[in-house]
Amino acid sequence: MLWQTILSGLAVGSLYALSAIGLVLIFKTSNIVNFAQGQMAMLSTFVAFQMLTRWGFPYWLAALASLVFALVFGFFVYIVFLSRLKRAEVLSQIILTLGLYLVFRGVAGVLWGNVPFTMPAAVSTNTVHIGSAVVTWYQLFIMIVTLLLMLVFYAMFRYTKTGLAMRAVSQNQQAARLMGVSLTRIYGATWAVSTALGAIAGLLIAPILFLSPSFMDSVAVKAFAAAVLGGFSSLPGAVLGGLVLGVMESVFGFYISTDLKSTFVFLLIIGILYVRPQGLFGTREVKKV
Amino acid sequence: MTSERNLRMARLLVVALAALAAPFVVMPLGSQMSYILDMSVIFCIVAVALNLLTGFSGQVSLGHAAFLMVGEYVSSLLTLNLNWSFWIALPLSAVVTGILGFLIGLPAVRLSGNFLAVATMGFSFAVPELALKWSGLTNGSSGLMPLRPALGSYVLGSDQAYYFLILACLVVQIIVIKNLLKSRTGRAFQAIRDSEIAAQSSGVRVGYNKALVFSISAGFTGIAGSLYAHYINFVSPNDFTVQDSFLFLAMIVVGGLASIPGSILGAIVINTINQLSSSFGQYSIILVGAVMVLAVLLFPKGLVSLRVPPHARKPRHSSRGSARVTREVESPDVP
Amino acid sequence: MLELDRVISGYGSSRALHEVSLTVPRGSLVTVLGANGAGKSTLLRVASGLLPIWGGDIKMDGRWMTRKSTREIVRAGVVHCPEGRQIFSQLTVYENLQMGGYLRDDRKAAKRSMDQVFSYFPRLKERVKQRAGTLSGGEQQMLAIGRSLMASPRLLMLDEPSLGIAPKLVQEILGILGFIQEEGTAVLLVEQNARLALQHADYAYVLDLGRVVMEGAGSTLAKDSRIEERYFGARDTAM
Amino acid sequence: MFLEFDEVTLRFSGLVALKGVSLTVNEGGIFAIIGPNGAGKSTMLNCLSRIYTPQQGAIRFLGENLLRVAPDRIKACGIGRSFQNMELFSKMTVEDNLLVGYHCALPSNPFSEAVGWYKARSREREARERVQRVLESLGIASYSRQTAGNLPYGIQKKVDVGRALMGDPRLLLLDEPAAGLNELETEELGHWISDIKRAMKTTVVMIEHDMNLVMSISDRIAVLDFGELIAVGTPVEIRQDERVIRAYLGQEA
């Protein structure tokens, strides 16, 4: 039984990891925490839903459209709103993304209402036996997609010019500018990619959770938790944080209580931050005077 | 000097008269307006408390919805289960919430803006879940039904009578916070906001003061929770969510950070917009969200900045200093 | 080639540069000297577009460059190697160099530039896969210069390359300035280390409190005792 | 022994910022620390005010090892400091900035303050009078009610020093007090630091780049280069020290 719990924890955990990577990516390059990330993923998922069930497009096309939407959406949210706040205080950025959270939530409510929908899944939800554990094809699918995405991301960061520039900007913005990098373009690209990651997480989790304007809330808060666990500035940390969180939540839910999952996650964050304020994998920044 | 003082006295008098007259002015407009007025003043208490924490001492909290709920439950349980008087339950809800705030504030000691926001946001998720789960005590989603308090044999049954109770609490809160801000402790809070390192070098215990301000802010929020519970006469795990924490932040940012009049203005504006538009369903949160976005982009210093006399709005001369900081932070390799 | 004409700039509302005029002829090495806080780094920051210009003009090859973005200034061939090295410490040496050639599309030419950098600084070639943060101070400075050269600049603006580096290595690093000049790249060198800079310079300016207070050919200024006095505080007798 | 650095070594992830620095400062007088950029001067002050903790060595002040003292108790030990970039409480008034500097000397508790009891108020009044005296001695009393962040640069520098002076420290640390000041202001600053030494019997340790100032007011000077102490002596001795000249101007070709 423990194995099965761990496996399903890994499946959910990989979704947290995907969202967390999106958060960390934005934070690392532009020092902004995007509280609206979950809502942006939710809207992107609804785009796929609309195409699938209302307009009858095939799944792959709907998913693709949702991704393209997410890329454009993320880019424009940065250019239209966040780029105007470059030098502003942290609090203004928080308020701005929280305001966007409410706007996006409201827009989804107006367009699709608050009744939960069933979102079709990409593959069947039949079960399969792995050793003594019983898992669904869908859980396996989630893990495989996540793994593939991680590889794609790794390659993008490692081998493309934009990926290199993103890493450079996250380390030293001024030096990157001196190389001729346009910060606005890089930030915009980061927001686009991050939103797309959230959208993928949304597409994958919607069939499990039912689709509604609030369906990403619980995932989003856990993505934050995963990012905090990982130190908020480390991509591998975010992945590991997501997986650890998924497994612990699943084990906790199975052996203790499913109703108190959020409480558990919260206590975990507080506890870890108390011991290591920079998160598990973060490094401390020392301010110069 | 004296003319400035007279002006301030006159302004205070006008505000006081307006506050006293308000319930009778809105009475003919129907019960919804009375309700909005009472709720606005309750949220004024929350906003002033949050502004003490965020505006004056620079710590962000997305956990105030949860503090509000803790205050609600403490007060309801004490009056219903133990049959204690409301007048004892009210301060006790502040004490319990304050202690909880201190505990939440302890990790906050070492967290900066964004991390703190995320950690406290978790608290806003955890409390409703606990309230729902712990149904033996809280009665789960069926909720609790605390009663309106009474002064002797006079029950504060009308919205107008209750209004004066809330107003009295707000006035006491403002006096206490103003006293604090003018004293050693309040100065320490503000010093920490502006430069932790300089505060520490001046002998301020940064950790203790951060937890202390968290505790005070949470305590006042607990009072607001108690007032809310006995006003609505119904308490359930769905009363306040993370979204309400967002609204509270919106109140102080729209009104003006580190400003008590700003907190009040922001609370009234945001609450009124929110309540009046609630009949439009989803459009209501779009409107509130848009107000938050526009306020940050258009009036980064809040609504109070609009009435500041021009001579106080001098250009900043200090950016030379800050430019040095950024330059050095960017080159961490050279100590 | 690069002309600064009565440039004014500063931070916030306080001026750090007061009508500074300066010219860097094609293929020459010009140095700007001065004590700490004289405005040397500010001058380079304005020239590379990091800091807004308040007044005056900047021209490159007669083209008006005032208020251009850093990206456009790099495109025009003016590359700024900042004070304190500012390398990307988590990236490898190779990746740092790649970033230097960020705006270049011609891969072959970029490869040639990299080989050139390695011929100047063979140590970098040995450490090409190492994280830049693990290099010694001197190697980091070599990397910073190498990274700037990857953009194949027509003017290299070098800010305090001797900062925090052992004297022996400084000689080695500055030794390559001659080669760079031979390639046809002009150099604008900002230094606190006056004797060292004057050894290499064709022409020198001395800044004090944001104003040019002396200028002249490098060899002339090297013999001028007033330079030393400016550093060691005999300002009153020098005036 | 007034102040003593004993074999202090500090490393930042591999980079050695201070290499076994040993130094004694006697009570009274002005002690300057100079050296090229990045030599470790500010690091020394930051060790003294416990912002950094050296890996080896001890810093003793009046016989007490400061490395065992919490950073927020340093001021109470009698050490005030100013900052290179001032670190003012920029949204508070000048008066409040100085009052925070008097924090340790103001015993009180949040409860009596919240209620606004008489006792808390009378102590406040006394503290405010002290602030006025310090502001007057700095010649900036007229700015007392203004927001610190809105003042001209030179005034802000004085507010920073005023804050450090509150509570009559026995040791005053100044981190580049003349940076960003013009010649006239620097000259005034020099007089004024000498005045502090004389009138308040405070020992001053300062980091400074302006050699005019350093040479004219210091009693002793220490020179750092690459985290090492290369010379200590009177201004005349330092001016003639060949190692110092080399550190500044570089090797003669």
Side-chain angles (χ1 to χ4, degrees), chain B residues 55-56 58 172-173 175-209 212-213 215-216 257-258 311-329 331-335, chain D residues 10 12 15 17 37-38 40 42-43 49-51 70-76 79-81 83-92 96-97 99-106 108-110 113-116 120 123-124 127 147-153 155-156 160 163-164 166-167 179-180 227:
Chain B
F56 287 101
V172 169
Q173 179 199 24
I175 291 171
V176 165
I177 288 182
K178 281 213 153 180
N179 274 333
L180 262 184
L181 287 173
K182 272 186 293 187
S183 69
R184 175 182 185 263
T185 310
R187 283 192 301 263
F189 295 162
Q190 297 169 71
I192 290 169
R193 170 197 63 197
D194 287 352
S195 166
E196 268 187 44
I197 280 187
Q200 180 179 288
S201 297
S202 304
V204 174
R205 283 161 66 196
V206 174
Y208 164 77
N209 279 291
L212 182 66
V213 72
S215 169
I216 296 174
L257 285 171
H311 67 82
R313 268 189 278 167
K314 284 190 184 158
R316 269 174 64 90
H317 289 265
S318 69
S319 19
R320 177 173 192 150
S322 53
R324 289 184 78 118
V325 185
T326 36
R327 201 183 78 206
E328 293 185 3
V329 166
S331 54
D333 300 320
V334 189
Chain D
L10 177 72
F12 292 110
L15 215 121
N37 251 335
S42 283
T43 312
S49 48
R50 299 284 290 105
I51 293 167
D72 51 37
R73 301 299 305 160
I74 293 289
K75 177 86 185 214
I79 303 177
R81 78 165 284 178
F83 294 86
Q84 195 179 335
N85 45 32
M86 302 182 295
E87 294 285 329
L88 285 192
F89 307 130
S90 53
K91 291 175 194 152
M92 299 170 76
D96 280 352
N97 266 273
L99 281 170
V100 175
Y102 200 57
H103 191 84
C104 313
L106 264 179
S108 70
N109 72 70
E113 286 166 355
V115 184
R123 281 209 207 92
E124 257 316 280
T147 306
N150 294 342
L151 297 173
Y153 187 78
I155 309 292
Q156 290 197 14
D160 185 21
R163 181 176 62 187
M166 288 300 297

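Please read all numbers here as calculations on a predicted model, not as lab measurements. Quick note on labels: first sequence line is chain A, next is B, and so on, each numbered from 1.
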How long is the span from the [atom1] atom in [X] to the [atom2] atom in [Y], to the nearest 0.5 Å?
{"X": "D:T43", "Y": "D:F12", "atom1": "OG1", "atom2": "CZ", "answer": "5.0 Å"}
{"X": "D:Q156", "Y": "D:S90", "atom1": "CD", "atom2": "OG", "answer": "8.0 Å"}
{"X": "D:L151", "Y": "D:T147", "atom1": "CG", "atom2": "OG1", "answer": "7.5 Å"}
{"X": "D:D72", "Y": "B:Y208", "atom1": "CG", "atom2": "OH", "answer": "12.5 Å"}

Taking every non-hydrogen pair under 4.5 Å, which of D:R50, D:K75, D:M166 racks up the most with chain B?
D:K75

Out of D:P110, D:A76, D:G101, which one racks up the most heavy-atom pairs below 4.5 Å with chain B?
D:P110

Interface moiety of [X] toward chain B, non-hydrogen atoms closer than 4.5 Å:
{"X": "D:V100", "result": "both"}
{"X": "D:I155", "result": "neither"}
{"X": "D:I74", "result": "neither"}
{"X": "D:R163", "result": "side chain"}

Will you find, in the side chains of D:S49 and D:R81, an N or O donor that is under 3.5 Å from an N or O acceptor?
yes

Hey, which of B:Q190, B:Q200, B:R205 has the most heavy atom pairs under 4.5 Å with chain D?
B:Q200

Check whether B:R187 reaches the backbone of B:K182 with its side chain - one donor and one acceptor, N or O, closer than 3.5 Å.
yes

Go through the atoms of B:A258 and report whether side chain, backbone, both or neither lie under 4.5 Å from a heavy atom of chain D.
neither

Is chain D contacted by the side chain of B:L212, its backbone, both, or neither, given a heavy-atom distance below 4.5 Å?
side chain

Results of side-chain hydrogen bond (donor to acceptor under 3.5 Å, both in side chains) for D:D96 - residues two or more places apart only
none

